[in-house]
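Here the structure is laid out as structure tokens; the discussion comes afterwards.
Below, each value reflects all heavy atoms present in this structure, side chains not excepted, and no hydrogens, waters or symmetry copies. Letters A, B, ... mirror the listed sequences (proteins, then strands); counts begin at 1.
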Amino acid sequence: MQDSRPDQWKLLALFIATIAAVLLVNVIHNLQVLFLLFLGIETAILVLLLTACIRLRTLLLMGAAALGPSLVQALSIGSLPILSISILGLQIHVFSEGMQLGLVTFFRVSGCMGLMTLFMRKAGISGFVKVLRQLPLPMALTEVLLFSVKFIHVFKEEGDSIRKAQKARLGYIGLNRSLHSAGHMGEAILCRAFDRSSTLAKAMRSRGGGESKGVGAYAGTGN
Amino acid sequence: MHLADGTIPLVQAAVYGTVSAAVVGLGIRRYYSKTRKQQDFKILCGAFAAFIFVTTIFEIPMPFGSSEHPTGTPLAAAFMGPAVTVFLSLIVLLLELVFREGGITTLGANIFSLGIAGGIVGWGLFHILRKCKAGMFAAGFICGFLGDLTVYLVTVAQLTLGGREGKSFVYYLVLYLPGQVPLALVEGIFTGLVLHFIDRKRPDIARRFGWKTCAGEELS
């Protein structure tokens with residue numbers, strides 16, 4: 001318990017630094033005159049990400065998410081085209097105004113996503129919950145968060161087994177049957193969640209863990 | 001929805017944050033009052049937050065740092081009520097930060113669209129339709145379909161108000177509609193079917209939430 005304390009403070013400091021950096025990236029990117037400065041910041045973030053050994057797939061996904069908006073802006077905003085391409089008889093114009101806006105969006109989105117990726121890679125879900133516990137937030141937030149993390153795994157397991165059973169009974173042939181099967185699956189998952197929650201509440205009560213303080217111990221994560 | 005960091009100006013993000021914080025506060029108060037009466041309410045909240053999370057994770061990336069996906073909040077609101085749903089949407093959006101969805105500065109804006117707009121419209125429509133003696137499937141379908149579309153209309157409005165590109169409401173709407181209308185239809189059918197099956201198979205659950213069941217029974 002004593003060993004984990006410095007880690008918690010480190011994570012909290014990292015979380016606060018991440019939020020400050022996200023805000024900074026937002027503010028700097030609004031000042032388009034400082035184009036070169038934020039280019040430098042993005043490079044620094046990218047180097048940080050690479051040194052943190054972020055997987056290439058994650059980097060590509062981040063790049064794609066940031067590139068999409070930028071491309072749409074470059075192709076649709078502005079009046080003076082700087083480049084015209086013809087693809088299958090369709091004229092596509094790239095506008096200078098849109099290109100600049102697109103670059104700003106690209107750096108802003110990729111910068112913020114990069115920072116959050118870095119934090120989440122360092123902290124993970126349990127670290128994130130630990131950080132939230134240290135912040136002056138209502139206890140309800142962390143207790144429901146912990147329960148929901150537990151239920152995500154439960155839903156995944158139950159959803160998989162129900163889907164397999166439905167598939168074996170040809171439940172996903174055609175749109176009509178697929179929707180019907182999905183509805184049945186949703187109903188079954190929710191009904192089991194209801195039953196499980198009442199059983200869990202009874203178990204918690206019998207062990208004296210019904211109050212907010214003891215919730216983490218029964219949620220199966222975090223502690 | 002899920003506006004990423006930087007998609008709307010910070011001032012607007014702060015306004016959405018303030019409004020959403022107030023409603024989340026109400027939701028937390030409602031959560032505590034219900035927890036005192038019902039032992040398993042907090043666990044149910046966790047289950048519904050996980051349900052919304054699982055629903056929203058199937059998404060199509062969109063331009064302007066956003067995405068399209070089913071929302072799940074109308075169905076949750078039909079059970080848990082609008083105030084608690086807003087609180088649950090905060091949990092879901094915090095969880096999605098781990099998966100690099102949404103953003104910190106846009107948390108308030110995302111709660112506003114997903115929780116407040118989607119939750120209130122879904123809950124309101126479901127209960128009005130049930131009072132008008134609509135069938136469980138019909139009420140669930142309209143709750144899911146229109147609740148989902150409302151979330152996207154609010155997101156479109158947020159992008160229009162905050163978009164630095166000066167594009168109109170219709171421009172963003174046209175970008176969203178081709179993907180969102182089929183998604184909303186699927187969510188409507190799914191919500192309708194889930195509520196219909198719960199009503200048929202587990203009337204005890206329906207009665208617990210004060211719905212009129214097939215048998216016409218109602219509990220306060």
Task: Intermediate values then yes/no, side chain to side chain contact (heavy atoms under 4.5 Å, CB included), B/Phe190 and A/Leu179 - done: CA-CA 7 Å; B/Phe190 179 76; A/Leu179 283 170; 5.8 Å; no
Task: CA sep, side-chain torsions, deciding dist, call: A/Met204, B/Ile43, side chain to side chain contact (heavy atoms under 4.5 Å, CB included) - done: CA-CA 11 Å; A/Met204 282 168 67; B/Ile43 309 165; 3.9 Å; yes
So which atom in [X] and which in [Y] form the shortest heavy-atom distance, rounded to 0.1 Å?
X: A/Glu187; Y: B/Val194; result: N-CG2, 3.9 Å
X: B/Leu193; Y: A/Gly183; result: CB-CA, 3.8 Å
X: A/Ser148; Y: B/Ala50; result: O-CB, 3.5 Å
X: A/Cys191; Y: B/Ile205; result: SG-CD1, 3.9 Å
X: B/Lys42; Y: A/Val144; result: O-CG2, 4.4 Å
X: B/Asp40; Y: A/Ser197; result: CB-O, 3.4 Å

Region of [X] in contact with chain A, defined by heavy-atom distances below 4.5 Å:
X: B/Phe41; answer: neither
X: B/Leu195; answer: neither
X: B/Leu44; answer: both
X: B/Ile91; answer: both
X: B/Leu75; answer: side chain

- [ ] For residues A/Val149 and B/Leu95, determine if any side-chain heavy atom of one lies less than 4.5 Å from a side-chain heavy atom of the other.
- [x] yes
- [ ] Classify the angle between the aromatic ring planes of A/His180 and B/Phe197 as parallel (below 30°), tilted (30 to 60°) or perpendicular (above 60°).
- [x]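 The arrangement is perpendicular - the two ring planes meet at more than 60°.
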Open item on the list: So which residue, A/His184, A/Lys202, A/Met185, A/Lys156, ends up with the most heavy-atom pairs under 4.5 Å with chain B?
Closed with: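 Among A/His184, A/Lys202, A/Met185, A/Lys156, the one with the most close pairs to chain B is A/His184.
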TODO: For atom CG of A/Asn176, decide whether the heavy atoms of other residues, nucleotides or ligands shown that lie under 6.0 angstrom number more than 12.
DONE: no
Is it the backbone or the side chain of [X] that comes under 4.5 Å from a heavy atom of chain B, or both, or neither?
X: A/Phe194; value: both
X: A/Leu175; value: neither
X: A/Leu190; value: side chain

Open item on the list: Taking the basic N atoms (NZ, or NE/NH1/NH2) and the acidic carboxylate oxygens, is any pair closer than 4.0 Å for A/Asp195 and B/Arg202?
Closed with: yes
Open item on the list: Strictly distance-based, threshold 3.5 Å: is any side-chain N or O of B/Tyr31 a donor or acceptor partner for the main-chain N or O of A/Leu141?
Closed with: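 Side chain of B/Tyr31 to backbone of A/Leu141, a donor-acceptor pair under 3.5 Å: no, none is there.
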- [ ] Enter the distance from A/Phe151:CZ to B/Phe48:CZ here, rounded to the nearest 0.5 Å.
- [x]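 Answer rounded to 0.5 Å: 10.5 Å.
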